[in-house]
Amino acid sequence: MSSVWQYLTLGLGRETFGIDIENVQEILDYRVPAALPQAPAFLVGMIDVRGQSYPVIDLRTKLGLPREEPTTATRIILLNVPMPDRTLRVGFVADRVFEVTELDRAEMETAPEVGGRWRSTYIAGIGRRGDAFVVVFDLVRLMAGDEPALTGSALAA
């Protein structure tokens, strides 16, 4: 069985991330979500897509990156995340979406434990796309975690 898998690659700042294509339902142009009172900072609101409600998460805030104003390249990625007790429908705001690319899971590296700026628990692996690295999210852990994915020292940089 092949270990090559497809990932949607997206950009946040200068970083490239990957999401298993099996979890991606749709990619939308950015639209302003309806605000939710008293929501956590990373939850920017809700959108309605063909009668279905989706909470929208600002990935930058969730990862501990500074928030930025949406541009014409900003997208909302609709996902189905298989949580232990249910499937979570959620939208992620990304600075931009690149493409669907193939990464070899057998060649993926684990996240560095020492000296890295990312919490390794949120990372399924690190793949390569040409000369660039693609940080592949572990969506279940990312959605279950309350701490930013960037460590404190990286936030100060």
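What you see is a predicted model; the values in this text were computed from it and never measured.
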Residue pair Asn80 / Asn23, side-chain heavy-atom distance below 4.5 Å = no
Basic-acidic side-chain contact under 4.0 Å: Asp48, Arg31 = no
request  = Among Ile76, Ile19, Val56, find the one that has a side-chain contact (heavy atoms from CB on, under 4.5 Å) with Phe92.
outcome  = Ile19
key: Arg60/Glu15 under salt bridge (charged side-chain N to carboxylate O under 4.0 Å, His left out): CA gap, chis, key distance, verdict   = CA-CA 11 Å; Arg60 289 174 115 346; Glu15 307 282 348; over 6 Å; no
inquiry  = Side chains of Thr87 and Val81, heavy atoms from C-beta outward: is any pair under 4.5 Å?
reply    = no
Distance in Å, Ile77 CD1 paired with Ile57 CD1, rounded so as to fall on 0.5 Å steps = 12.0 Å
task = For Asp58 and Arg67, run side chain to side chain contact (heavy atoms under 4.5 Å, CB included): C-alpha distance rounded to whole Å, both residues' side-chain angles, the deciding distance at 0.1 Å, then the answer.
result = CA-CA 8 Å; Asp58 182 338; Arg67 198 174 231 166; 3.0 Å; yes
query = Given the rule that I, L, V, M, F, W and Y join up when any side-chain heavy atoms are under 4.5 Å apart, are Leu28 and Leu43 in one cluster?
reply = no
query = Which residue pairs pass the salt bridge (Lys or Arg N to Asp or Glu O under 4.0 Å) test when at least one of the two sits in residues 74-93, sequence neighbours left out?
reply = Asp29-Arg75
request  = Walk me through it: do Tyr54 and Gln25 pass the test side-chain hydrogen bond (donor to acceptor under 3.5 Å, both in side chains)?
outcome  = CA-CA 12 Å; Tyr54 287 84; Gln25 180 180 334; 3.0 Å; yes
query = Judged by atom type as modelled, is there a donor-acceptor pair below 3.5 Å linking the side chain of Lys62 to the main-chain atoms of Ala41?
reply = no
query = Salt bridge or not for Glu99 and Arg129, using N-O below 4.0 Å?
reply = yes
inquiry  = Using side-chain heavy atoms (C-beta onward) and a distance below 4.5 Å, is Arg105 in contact with Val4?
reply    = no
task = Say whether Val97 and Leu142 are linked into one hydrophobic cluster, either directly or through other cluster members, by side-chain heavy-atom distances under 4.5 angstrom.
result = yes
message = Would you say Leu63 ends up clustered with Met143 if hydrophobic residues are merged whenever their side chains have heavy atoms under 4.5 Å apart, either directly or through other cluster members?
response = yes
query = Thinking salt bridges, do Glu107 and Arg128 make one under a 4.0 Å N-O criterion?
reply = no
request  = State whether a side-chain donor-acceptor pair under 3.5 Å links Asp104 with Ser3.
outcome  = yes
query = Within the distance-only criterion (no hydrogens, no angle test), does the side chain of Asp138 pair as donor or acceptor with the backbone N or O of Tyr122 below 3.5 angstrom?
reply = no
message = So Ile27 and Leu8, do their side chains get closer than 4.5 Å, heavy atoms only?
response = yes
ask   = Would Thr74 and Val93 satisfy side chain to side chain contact (heavy atoms under 4.5 Å, CB included), going step by step from the backbone distance to the final call?
value = CA-CA 7 Å; Thr74 303; Val93 177; 3.7 Å; yes
message = With a 4.5 Å cut-off on side-chain heavy-atom distances among I, L, V, M, F, W and Y, is there a chain of contacts connecting Val32 to Leu78?
response = yes
task = Drop me the distance from Ile21's CD1 to Trp5's CH2, to the nearest 0.5 angstrom.
result = 11.5 Å
inquiry  = In the structure I gave you, are the side-chain heavy atoms of Met46 and Pro55 within less than 4.5 Å of one another anywhere?
reply    = yes
ask   = Can you name the nearest heavy-atom pair linking Asp95 to Leu12, along with the distance?
value = OD2-CA, 3.3 Å
query = Between Phe17 and Phe137, does the ring centre distance come in under 6.0 Å?
reply = yes
ask   = If we ignore angles and hydrogens, is there a donor and acceptor under 3.5 Å between the side chains of Tyr7 and Glu22?
value = no
Intermediate values then yes/no, side chain to side chain contact (heavy atoms under 4.5 Å, CB included), Thr101 and Thr9 = CA-CA 7 Å; Thr101 191; Thr9 54; 3.3 Å; yes
request  = May I ask you to test the Leu103-Val136 pair for a side-chain heavy-atom distance under 4.5 Å?
outcome  = yes
query = Any link between Val44 and Leu36 through a network of hydrophobic side chains (Ile, Leu, Val, Met, Phe, Trp, Tyr) touching at under 4.5 Å?
reply = no
query = When you look at Leu59 and Leu65, which way does the side chain to side chain contact (heavy atoms under 4.5 Å, CB included) test go after all the steps?
reply = CA-CA 8 Å; Leu59 264 181; Leu65 296 167; over 6 Å; no
inquiry  = What I'd like to find out is whether the side chain of Leu10 reaches to under 4.5 Å of the side chain of Thr16, using heavy atoms alone.
reply    = no
